[in-house]
Structure formats: C-alpha cells, structure tokens
Amino acid sequence: MCIAALLCLWRSGPPPGRVRASRHAGWNDMRLSRTLAPTLKETPAEAQIVSHRLMLRAGLVRQTAAGIYAWLPLGFRVLKNIEQIVREEQDAIGAQEMLMPTIQAAELWRQSGRYDAYGPEMLRIKDRHDREMLYGPTNEEMITDLFRQSVKSYRELPQMLYHIQWKFRDEVRPRFGVMRGREFLMKDAYSFDLDYAGAVISYRRMMLAYMRTFQRMGVKAIPMEAESGPIGGNLSHEFIILAPTGESQVWYDAAFERMDVSPAAVSHHSPADLERFFTEMTTHYAATDEKHDPALWEKVQEKREGRGIEVGHIFYFGTKYSSPLGLTVAGSDGTPVAPHMGSYGVGVSRLVGALIEAFHDDAGIKWPDAVAPFRAAILNLKVGDAACDRISEEIYAKFAGDALYDDREERAGVKFADADLMGHPWQIVVGPRGAASGRVELKRRATGERQEVDLDAALAQIG
RNA sequence: CGGGGCGUGGCGCAGCCUGGUAGCGCGCGUGUUUUGGGUACACGAGGCCGCCGGUUCGAGUCCGGCCGCCCCGACCA
C-alpha cells in the first residue's frame, strides 16, 4: 500500500480510542496544511482594536463589506461553541428554542408602529412583487404574532421562547470588527407571562441564565441597570463583561466577584431563590460611565474599577407589543388579558470579539477552554521524521477532531508563532528531541507554562 | 449624519507635489542552507496603480464625477 493510501485511511473517519468527544457534530479533518486558516504576520490597516486585529491575523474572519464578515473555519468553530453554551443555558431554564426568519414583512412592523420609528438602521427590501420587506433587526413583532395565532388561554402561560439568528442593523458607522458589525448573530428570547408578577420571575430567571452563560465562558459578567424605558419598574439590565481593553469604564462592588450562581446555590424553579439572587445582583453598586454616581460610589466598601463590554441586554416591556398587535389570552375569569412580555438578547458574534478583548497578550489570543476552536494544537516540528510523524498522528487520532494538527512543512518558529496567535489552550509540541523517547512538550497557552512529559501523561492532563 | 483620511501584486507601504518603461519589505514558488521561537542566500511568479470620463504626444501622478474602505464625533447587541 502506498503512502498516499495510508494517509487516506487516516483521514477517512473517526479513529478508535478517542480521548473525549468533540464538541462538534462531525469529525472534521483538521490538518493545518489543508485548512483555510490564513494567518497574517502583519496587521491589516483597517483594524484598530486588538480583537479585530487578532481575528484577522489569526484567520478567524474576513470582511466582505463594511460591517459584514465571513467566518472562516476557526472563527466559525468559536462562534458555534459560544452559541452552544448560550443554547444550553437557555434550555436549562426552560426556554424553548425555535428559529424565526431573517426576512420579515413590513406589515407587522406597521402594526406595532416601529416601521417608521426604527429609522434608517432597518434594512428595507422590496421583493419582485414590490412588497415591502425588511431584514430583521429583532423579532418582537414576529414572535408576538406567532404567539397570538395559537395561544388563547392563561393556562398556557408562562412561556419563554428563543432563537439564535442573524440580524442586520444598518449602522451608520460599523467598526471594531465583529463587535459592532452590521450583520451579527444574536440570541434573542421572549417571555410571556399573565401579569407583572409573573414577568418579574421570568426576568430574574433569565438574569440567572445569563450569569451562568458568561461564567461558563470564563468571564466575569456584571449586570448593570440600564435605561428602563417608558415602562419603568427597574427591569432593564445590561450585562457587561470585564476586559482590560473594554469600550467603557465600569465601577463595581467586589461583592460581584464572590457570587455563586450555580444550580446548587440558586434554583431557577424557586421564586424565593430567584428573589434572593436578584436582590443580590441589584443592590451592590455597579455602573458604567453614563450612570456612575460618585456620591454612591464613595460608600462602597470594596471598590473595583475596570473596563467593560456590553454583551447582553435584558428588559421587561409589559404589553408594549401585545397590546398594539392584539395578543390576548383568556384570563381565569374569561376576560381577555394582554400578556406581559420581556425580551432578552445576547450578542453571540460580538462575544467572539469581546472574549478576545478579555483574553489575549502580545503574541495572540488566549482562548478560554470552553470556547476555543480546538482544545489543542499538535505541533509536529519535523514533518517527515518517522518518530515525529508517528507520535503526532497518534495524538491527533486520539483527539478525534478536537485538535488542530500543524503538519505543515514549516520551521518551528513559524508553528510556535501561529499556535500562540490562534490561541489554542494547549500546545503539544512533538519534536525530534523528545519523540525518539516518546516524550512531548506540553504548553499551556494561558500561563505559558511548559513541561516535558510522556505522551500518555500529556493526553491524561489535557483529556 | 457632521468632520478627517485612504484606495498601487495576498498583507504592510513608497512613488503622486515637479506627468516619461511600476518599486520596497513580508508572504508565495523552486533550489541550496538552517533544523525547538517568524533562518540566510539565489532565482522566479504575481499588478486594466478602485471605476468612469477629461487634459496631454504621453496619466499611478493633473482635473471632474462615481464607488469602496478606515478614523474621530453623535448613535448602538
């Protein structure tokens, strides 16, 4: 059998003895020599902020028009990982996943009054019959319409629905790469409750889900009171994650650093737990530039300051949409009631940039384990060397698609630099020095710590 | 939308003021070299100089229009 045929066998499918399941559905063959991951030594002129620069340099995305990006294989994997964490935490509090279209008819937006109110940020389109359509910037009207078609009784409430879908807002000035693009991937959820008291519970539940979501991504998130809008009631919060290069200054109480939001500490089924949680989240001081109050800040015992990036926003808006769109359900006494609603967004694509802002150094990205495109990179420092090739292939096979194999015929320095740039949490360096005796070097990207270990020890540690 | 700037091989840039055969670095290909942190040398491929029009014997360069992109501000997931 020729070498090419052997290689084909290697590539033909999931090999046995996998170390851990891939976070992805399929088993992708990820040899760098056959991967569209165009890393750049120099920074493209258009990129200003660090996350944008690194996303371009690490080959995660490419811009195709102002504020519109193509997601290349590595970037796409990160996006999917973030999306999956968001999904799991939404599911965990009982929200139902669905999928609404990107293109909507103008008609519904006329009913809610937002067709004119939204302004030029909304991308308006005409179809071949000259019907007015739009590329959805959000989905309140649509979900309200869908809900009213089928839900008729208070017995069916409460409900919470969400989808993860591309949105378009025709920003006057897109910038910061995917952090402020025109096209963006967003998780938006909508809650329907019979009354205000119910809506408050939904709101708190979602706040809990958000705290857990961001915590899983390895970042500290702080809910900050936002403009409460016409409804009031103190129920509008922005979620800011801390990053040294964040867009705005934030002031907060160190108490946020100690909060336990695990299911063991707070049950989303228990209104009492939720209330305690909500109180905890909203009584300590936390503010961005606009809302910062020096007088109140003075009273904070343990002060913390930093920079932050908004990655989520939740708000309660009562019957703002249910009323004009005619959504009512029969109450227990038979009279129609307009449900109280809330909506809850997470900027999924924005998070890719935001996480890079939070986790990087001069050499490149330092992905948190939970969202990294690959758990590890295998750096074969001497492609063609029998021992290096054998060990590299062996490791690669065991990772079952969750490792990127740098099988390029490049110099060691190039591979190190690219691996650091791309930010895989672990690097497994297979060089002729150690390979002969079955040893590899294991490097932890986040800390820079390295150790030379046996192959099995390396796999066990990363496992 | 107000203000500013930039479009020249894949990336970063020079050339434009003062019109005359399109250049540099990186990257890419081949060879030698090197062999654990972006090695060195040689040779080579690659550019309707954003688009349209004008001036001129001649336009990357001057003039007009258009398009695209970036930055600051206002606005925003």
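Throughout, a chain's letter reflects where its sequence line sits, starting with A, and its residues are numbered from 1.
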So [X], base contact, sugar-phosphate only, or nothing? Heavy-atom distance under 4.0 Å.
X         : answer
Arg62(A)  : nothing
Gly345(A) : nothing
Gly177(A) : nothing
Asp188(A) : nothing
Val429(A) : base
Thr43(A)  : sugar-phosphate
Arg57(A)  : base
Ala47(A)  : nothing
Lys443(A) : base

Say you pick atom [atom1] in [N] and the same atom in [M]; how far apart are they, in whole Å?
N       : M       : atom1 : answer
rG9(B)  : rG44(B) : C1'   : 14 Å
rU61(B) : rG53(B) : P     : 14 Å
rG60(B) : rG4(B)  : C1'   : 24 Å
rG37(B) : rG73(B) : P     : 42 Å
rC1(B)  : rG38(B) : C1'   : 44 Å
rA77(B) : rG3(B)  : P     : 27 Å
rU30(B) : rU55(B) : P     : 49 Å
rC57(B) : rC62(B) : C1'   : 16 Å

OP1 or OP2 of rG38(B) versus the side-chain N and O atoms of Lys41(A): is any pair under 4.0 Å? no
Has Arg350(A) got a side-chain N or O lying under 4.0 Å from the OP1 or OP2 atom of rC76(B)? no
Can you tell me whether the side chain of [X] and the base of [N] have a donor-acceptor pair closer than 3.5 Å?
X         : N       : result
Arg180(A) : rC76(B) : yes
Glu42(A)  : rG27(B) : no
Glu441(A) : rG36(B) : yes
Arg173(A) : rC69(B) : no

Using the closest heavy atom to pick a nucleotide of RNA chain B for each, name whichever of Val172(A) or Arg175(A) lands nearer the 5' end. Val172(A)
RNA chain B: His52(A) or Val178(A), which has the more 5' nearest nucleotide? His52(A)
For Glu46(A), the salt bridge (Lys or Arg N to Asp or Glu O under 4.0 Å) test, sequence neighbours excluded, returns none
Could you state the atom-to-atom distance from [atom1] of [X] to [atom2] of [N] in whole Å?
X         : N       : atom1 : atom2 : answer
Gln63(A)  : rG7(B)  : CD    : P     : 17 Å
Ile68(A)  : rC69(B) : CD1   : C1'   : 13 Å
Ile49(A)  : rC70(B) : CD1   : P     : 13 Å
Arg439(A) : rG36(B) : CZ    : P     : 18 Å
Arg408(A) : rG29(B) : CZ    : P     : 11 Å
Phe315(A) : rA77(B) : CZ    : P     : 8 Å
Leu381(A) : rU34(B) : CG    : P     : 18 Å
Lys382(A) : rU34(B) : NZ    : C1'   : 11 Å

From the options [options], select the nucleotide whose nearest atom is closest to the side chain of [X].
X         : options                   : value
Glu171(A) : rG38(B), rC76(B), rG37(B) : rC76(B)
Ala45(A)  : rG38(B), rC70(B), rC13(B) : rC13(B)
Glu121(A) : rU39(B), rG38(B), rC75(B) : rC75(B)
Asp420(A) : rG37(B), rC76(B), rC70(B) : rG37(B)
Glu46(A)  : rG36(B), rG12(B), rU39(B) : rG12(B)

Any salt bridge between Glu140(A) and Arg114(A), counting N to O under 4.0 Å? yes
Indicate yes or no: does Glu257(A) engage Lys220(A) in a salt bridge with an N to O separation below 4.0 Å. no
Option passing side-chain hydrogen bond (donor to acceptor under 3.5 Å, both in side chains) with Asp188(A) (candidates Gln165(A), Lys167(A), His313(A)): Lys167(A)
Which residue, Lys443(A), Arg57(A), Lys366(A), Arg444(A), forms the salt bridge (Lys or Arg N to Asp or Glu O under 4.0 Å) with Asp420(A)? Lys443(A)
What is the base-pairing partner of [N], counting Watson-Crick and G-U wobble geometry with both distances under 3.5 Å?
N       : result
rG73(B) : rC1(B)
rG12(B) : rC24(B)
rC41(B) : rG31(B)

Phe239(A) and Tyr210(A): CA distance, side-chain angles, deciding distance, ring-ring contact (aromatic ring centres under 6.0 Å, His included) verdict: CA-CA 8 Å; Phe239(A) 286 77; Tyr210(A) 275 34; 5.1 Å; yes
Distance to the ring centre below 6.0 angstrom and angle to the axis at most 45 degrees; does that hold for Arg124(A) and Tyr118(A)? no
Arg304(A) charged N/C atom sitting above Tyr252(A) aromatic ring, 6.0 Å / 45°: no
Is the ring centre of Tyr316(A) less than 6.0 Å from the ring centre of Tyr196(A)? yes
Is the ring centre of Phe184(A) under 5.5 Å from the base ring centre of rA77(B), and are the two planes under 30° apart, so that they stack? yes
